[in-house]
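Notes follow the structure.
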Amino acid sequence: MLEDIPYPIGVTESPLKKEIDDSILNESGDRRSLYLSELTLHPNAAGFFNQFRGRFENVHYITLSWDYSALSPTGYPYLNFKCNKLPLEIMAAETHHFTGDGMTIFPEKKVVDSLNACLFFFKNRKVENTVDDILEHVERIVNNSHLRQELSKMTFDSTHPEKEKLSKLAELLYLDIEDFLCTMKKLKHLSTVNCKYDLNQNWKIYDEQVIEKDLVRITLKKRKY
């Protein structure tokens, strides 16, 4: 029994017990969510003709989020999403403000260990590339991914080596989606933004984070309830 092991002088808690506790996944006591509230297109993201004429760019986004629960990764917008407003018509250097808190990335719920999200931004320059066709292909990639398969096996007694494996599988999934966006005709990949929020970070009731990468600048809104 752990209680029967004598501790060294000055130690009041079993080092073995602490090691065991650290290997167990923790869940937040409150519910948390993540939103995309603003999107700004870099001037260089515009095509020459559109930039010269001052025309809009047709910008799309796909977001993917997950934690270390047994739930599958959540993608927005998903196939046949009724509130889908894509593509966004944005001019170079213009900012699009999403209504309310913003576009949902991570739905409001308790978080296990960390909130992980990846956002993909791209332009669609071909009418034949319908939004549903793109989302259907991405949905297929996510559903067939090793990340989704391994998440379904997660339990609260899962240990750190399993977390490391899941992180690597997530990186591979992000690359698969990015490869699809880069290789599909008439799609121009603008940026991929990857972020992670651990439970031990200072979560405020309301917080914003601005991230600038490649050809976009975004504002993410974190909330807890």
Side-chain angles (χ1 to χ4, degrees), residues 33-66 73-107 116-142 145 170-171 173-196 207-223:
S33 59
L34 183 67
Y35 302 91
L36 172 63
S37 61
E38 291 182 351
L39 168 63
T40 302
L41 196 63
H42 192 281
N44 293 340
F48 175 78
F49 185 80
N50 285 358
Q51 193 172 32
F52 179 75
R53 295 286 187 178
R55 293 183 175 180
F56 291 105
E57 299 291 336
N58 294 323
V59 177
H60 298 249
Y61 58 86
I62 294 175
T63 72
L64 197 68
S65 66
W66 58 281
T74 300
Y76 285 103
Y78 48 81
L79 188 61
N80 300 321
F81 185 41
K82 293 182 179 180
C83 296
N84 182 11
K85 302 298 183 181
L86 291 176
L88 301 174
E89 293 186 340
I90 308 176
M91 292 184 64
E94 184 183 56
T95 298
H96 178 83
H97 302 274
F98 293 85
T99 59
D101 285 327
M103 179 63 196
T104 302
I105 299 176
F106 189 87
N116 305 270
C118 194
L119 300 87
F120 307 87
F121 299 93
F122 57 98
K123 293 196 304 180
N124 187 357
R125 297 176 292 177
K126 186 177 180 181
V127 178
E128 288 80 359
N129 291 334
T130 67
V131 177
D132 282 348
D133 287 342
I134 298 170
L135 296 180
E136 183 177 13
H137 194 102
V138 172
E139 187 176 274
R140 192 180 307 119
I141 293 175
V142 174
S145 67
E171 293 176 3
L173 174 56
Y174 301 158
L175 288 175
D176 285 343
I177 296 175
E178 192 173 291
D179 286 345
F180 162 68
L181 297 177
C182 290
T183 57
M184 193 170 183
K185 291 182 179 180
K186 299 301 181 179
L187 291 187
K188 179 181 179 181
H189 178 248
L190 299 175
S191 182
T192 298
V193 180
N194 189 1
C195 51
K196 177 180 179 180
D207 196 12
E208 288 187 338
Q209 179 184 13
V210 177
I211 302 176
E212 187 167 356
K213 185 179 179 185
D214 300 325
L215 297 176
V216 302
R217 182 176 73 243
I218 63 173
T219 301
L220 298 179
K221 183 182 297 184
K222 296 189 299 179
R223 296 200 64 177

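Keep in mind that this is a model prediction, so the values were computed, not measured.
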Provide the closest heavy-atom pair for [X] versus [Y] in the form atom of the first, atom of the second, distance.
{"X": "Leu39", "Y": "Phe121", "result": "CD1-CE2, 3.8 Å"}
{"X": "Ser33", "Y": "Pro107", "result": "CB-C, 4.3 Å"}
{"X": "Ala117", "Y": "Ile105", "result": "CB-CG2, 3.9 Å"}
{"X": "Leu187", "Y": "Leu181", "result": "CB-O, 3.5 Å"}
{"X": "Glu94", "Y": "Glu89", "result": "OE1-O, 3.9 Å"}
{"X": "Val142", "Y": "Leu173", "result": "CA-CD1, 4.1 Å"}

Kindly compute the distance separating [atom1] ([X]) from [atom2] ([Y]), expressed to the nearest 0.5 Å.
{"X": "Lys221", "Y": "Asp101", "atom1": "NZ", "atom2": "CG", "value": "4.5 Å"}
{"X": "Ile211", "Y": "Asn194", "atom1": "CD1", "atom2": "CG", "value": "9.0 Å"}
{"X": "Arg217", "Y": "Ser191", "atom1": "CZ", "atom2": "OG", "value": "12.5 Å"}
{"X": "Arg140", "Y": "Ser145", "atom1": "CZ", "atom2": "OG", "value": "13.5 Å"}

(request) Test Leu220 against Leu36 for side chain to side chain contact (heavy atoms under 4.5 Å, CB included), laying out the working first. (result) CA-CA 5 Å; Leu220 298 179; Leu36 172 63; 4.2 Å; yes

Student check: side-chain heavy atoms of [X] and [Y] closer than 4.5 Å:
{"X": "Gln209", "Y": "Asp207", "result": "no"}
{"X": "Ile62", "Y": "Ile134", "result": "yes"}
{"X": "Phe120", "Y": "Tyr174", "result": "yes"}
{"X": "Thr74", "Y": "Leu64", "result": "no"}

Using atom types as modelled and distance alone, determine if a side-chain donor or acceptor of [X] lies under 3.5 Å from a backbone N or O of [Y].
{"X": "Asn116", "Y": "Trp66", "value": "yes"}
{"X": "Ser37", "Y": "Thr219", "value": "yes"}
{"X": "Lys213", "Y": "Thr192", "value": "yes"}

(message) Checking side-chain contact (heavy atoms from CB on, under 4.5 Å) between Lys123 and each of Leu215, Asn58, Leu190, which is the one that passes?
(response) Leu190

(message) I'd like to check the ring-ring contact (aromatic ring centres under 6.0 Å, His included) partners of Phe180; sequence neighbours left out, ordered by chain and number.
(response)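 Phe180 satisfies ring-ring contact (aromatic ring centres under 6.0 Å, His included) with His137 once adjacent residues are dropped.
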
(request) On the 0 to 90° scale, with breaks at 30° and 60°, tag the Phe122-His60 ring pair as parallel, tilted or perpendicular. (result)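 Correct class here is parallel.
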
(request) Could you walk me through whether Met103 and Thr63 pass the side chain to side chain contact (heavy atoms under 4.5 Å, CB included) test, one step at a time? (result) CA-CA 10 Å; Met103 179 63 196; Thr63 72; 5.8 Å; no

